[in-house]
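Note that this is a predicted model, so its numbers are computed, not measured.
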Amino acid sequence: MYKRNQQLIIERGINGNIACNDPLILNNAQAAILDINLANGTLPNHTPFEKHPYINLAEYQMQDFEKYIIGTFPPISYILDLLANPAILNLIKPGGGNITKPKTPFFHGNQDDLWRLFLTNQEFNLFNLIVNRNERRTFLINKLIDFHINYSDIIKTVQRESYDAADSGLNNICPNLFLIKHILNNKNAKYLMFDTSSAHYSTGIKVNQRFCQDGNPGEVNVNNVQSFDLFLRTLQGLGFNLEID
């Protein structure tokens with residue numbers, strides 16, 4: 001678990017040093033959705049664990065494409081699509097303020113900003129004419145398949161500091177190991193594009209200031225929650241040695 005914040009875990013009524021494979025994480029995420037539904041959309045005071053809603057969708061399975069786009073984790077607005085009560089149209093923050101449904105129930109669906117860049121102007125105009133939100137998702141899935149691109153996020157479960165959309169506020173991160181395995185087992189995998197990466201900023205990739213016994217640098221620092229950095233840190237956790245030119 002990366003960026004461990006034990007206080008956030010304790011506030012959810014979970015004791016002990018839980019690991020990513022602990023069923024308490026998924027149980028907590030599911031219980032939170034039920035509680036939010038019963039509370040008519042009011043979010044709990046203590047942020048729950050969340051399970052990624054779009055990884056391994058039945059209608060969008062990754063294939064042996066050579067190209068991947070890799071992000072982090074969606075804003076919490078996706079929960080509105082998981083509530084049993086369709087009359088709940090907004091999530092209500094504990095301190096006030098509403099959160100509305102994403103425009104499209106899919107990766108980068110809140111404002112569709114990525115898809116504005118991904119699609120041609122004509123395609124994006126056609127996309128915007130689609131009213132049904134599930135049909136909007138189908139449109140994007142078909143375009144990804146047409147271009148032979150896999151899309152996924154590097155985070156499987158997570159807990160937020162607050163209910164904003166900032167990646168830097170994500171804590172208690174469990175990586176999406178299925179994505180890593182898919183890439184490693186895909187003989188066609190060639191191009192990986194990350195939505196966020198410190199490698200492209202002036203600060204570069206940061207490494208925790210401690211060293212292994214053999215003198216190799218320590219782990220990649222993931223405090224800023226960049227998708228590329230988390231990808232590298234997950235590889236380190238699986239025992240891979242990293243070399244970056």
Enquirer: Would the number of heavy atoms belonging to other residues, nucleotides or ligands and lying under 6.0 Å from NZ of K3 be above 12?
Expert: yes
Enquirer: Look only at the side chain of T47 and the backbone of R160, and say whether a donor-acceptor pair between them is shorter than 3.5 Å.
Expert: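 Checked: pair present.
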Enquirer: List the atom of P86, the atom of A84, and the distance in Å for their closest heavy-atom pair.
Expert: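 Where P86 meets A84 most closely, the heavy atoms are CD-O, 3.1 Å.
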Enquirer: Compare every heavy atom of I99 with every heavy atom of I76, then report the nearest pair and how far apart it is.
Expert: CG2-CD1, 3.7 Å
Enquirer: Begin with the C-alpha distance, continue with both residues' side-chain angles, and end with the deciding distance and a verdict on side chain to side chain contact (heavy atoms under 4.5 Å, CB included) for L119 and F139.
Expert: CA-CA 11 Å; L119 300 171; F139 181 94; 4.0 Å; yes
Enquirer: Given 3.5 Å as the limit, does a donor-acceptor pair link the side chain of Q226 with the main chain of V222, or not?
Expert: no
Enquirer: Counting only heavy atoms from other residues, nucleotides and ligands, does the tally under 6.0 Å from CD of E59 exceed 12?
Expert: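 Yes.
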Enquirer: If hydrophobic clusters are built from ILVMFWY residues whose side chains come within less than 4.5 Å, do I154 and Y2 share one?
Expert: yes
Enquirer: With a 4.5 Å limit on heavy-atom distance, are the side chains of R133 and D81 in contact?
Expert: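 Yes - at least one pair of side-chain heavy atoms lies under 4.5 Å apart.
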Enquirer: Please check if F231 and Y54 belong to a single hydrophobic cluster, counting links between Ile, Leu, Val, Met, Phe, Trp and Tyr side chain heavy atoms closer than 4.5 Å.
Expert: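 In one cluster: yes.
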Enquirer: For the backbone of F127 and the side chain of R136, can you confirm whether one donor and one acceptor N or O come within less than 3.5 Å of each other?
Expert: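 Present.
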Enquirer: Only one of N171, I173, N17 clears side chain to side chain contact (heavy atoms under 4.5 Å, CB included) with R4; which?
Expert: N17
Enquirer: Is the shortest heavy-atom distance from the side chain of D195 to the side chain of M193 under 4.5 Å?
Expert: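 Yes, at least one pair of side-chain atoms sits under 4.5 Å.
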Enquirer: Once rounded to the nearest 0.5 Å, what's the spacing between atom CG of N176 and atom SG of C20?
Expert: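 One finds 11.5 Å between CG of N176 and SG of C20.
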Enquirer: State whether a side-chain donor-acceptor pair under 3.5 Å links D112 with T104.
Expert: yes
Enquirer: Is the side chain of N185 donor-acceptor paired with the backbone N or O of K181 at a distance under 3.5 Å, no angle test?
Expert: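 Looks like yes, one N/O pair under 3.5 Å.
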Enquirer: Count the heavy atoms belonging to other residues, nucleotides or ligands that lie under 6.0 Å from CG of N125, then report whether that count exceeds 12.
Expert: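 For N125, atom CG is crowded (more than 12 foreign heavy atoms under 6.0 Å).
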Enquirer: Does V131 share a hydrophobic cluster with L80, counting links as ILVMFWY side-chain heavy atoms below 4.5 Å and allowing steps through other members?
Expert: no
Enquirer: When you measure from the side chain of N110 to the backbone of H108, do you find a donor-acceptor pair of N or O atoms at a distance under 3.5 Å?
Expert: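 No, N110 side chain to H108 backbone: no donor-acceptor pair under 3.5 Å.
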Enquirer: Compare every heavy atom of P48 with every heavy atom of Y163, then report the nearest pair and how far apart it is.
Expert: OH-CD, 3.5 Å
Enquirer: May I ask you to decide if G71's main-chain N or O and D153's side chain share a donor-acceptor pair within less than 3.5 Å?
Expert: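 The answer is yes, because a donor-acceptor pair under 3.5 Å joins these two groups.
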Enquirer: For the pair Y191 (side chain) and I149 (backbone), establish whether a donor and an acceptor sit closer than 3.5 Å, ignoring hydrogens and angles.
Expert: no
Enquirer: On a heavy-atom basis, which atom in L26 and which in T157 lie closest, and how many Å separate them?
Expert: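 What the structure gives for the nearest pair is CD2-CG2, 3.9 Å.
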Enquirer: Indicate yes or no: at least one non-hydrogen side-chain atom of F240 is less than 4.5 angstrom from one of L184.
Expert: yes
Enquirer: Keeping Y60 on the side-chain end and Y151 on the backbone end, is there a donor-acceptor pair under 3.5 Å?
Expert: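 Yes; at least one donor-acceptor contact below 3.5 Å.
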Enquirer: Looking at every non-hydrogen atom in both residues, tell me the closest pair between I36 and L43 and how far apart they are.
Expert: CD1-CD2, 3.7 Å
Enquirer: Only one of F178, F73, Y78, F106 clears ring pair (Phe, Tyr, Trp, His ring centres under 6.0 Å) with H52; which?
Expert: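 Answer after filtering F178, F73, Y78, F106: F73.
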Enquirer: Would you check if the side chain of Q6 reaches a backbone N or O of G16 as a donor-acceptor pair within less than 3.5 Å?
Expert: yes
Enquirer: Under 3.5 Å, side chain of N132 to main-chain N/O of N134, donor-acceptor pair present?
Expert: yes
Enquirer: Test of understanding: clusters of I, L, V, M, F, W, Y form through side-chain heavy atoms closer than 4.5 Å, transitively. Do L179 and F194 belong to the same one?
Expert: yes
Enquirer: Is it true that I145 and L57 fall in one hydrophobic cluster, defined by side-chain heavy atoms closer than 4.5 Å?
Expert: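 Looking at the clustering, L57 is in the same group as I145.
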Enquirer: List the steps and the verdict of side chain to side chain contact (heavy atoms under 4.5 Å, CB included) for I141 and R137.
Expert: CA-CA 6 Å; I141 288 173; R137 175 168 66 193; 3.8 Å; yes
Enquirer: Got a second to check how far L177's CG is from K156's NZ, nearest 0.5 Å?
Expert: 7.5 Å
Enquirer: Using the rule side chain to side chain contact (heavy atoms under 4.5 Å, CB included), only one of R12, Q159, M1 pairs with I25; which is it?
Expert: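 Among R12, Q159, M1, the one that satisfies the side chain to side chain contact (heavy atoms under 4.5 Å, CB included) with I25 is M1.
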Enquirer: I need the L140 CG to I130 CD1 distance, nearest 0.5 Å.
Expert: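 Reported to 0.5 Å precision, the distance equals 8.0 Å.
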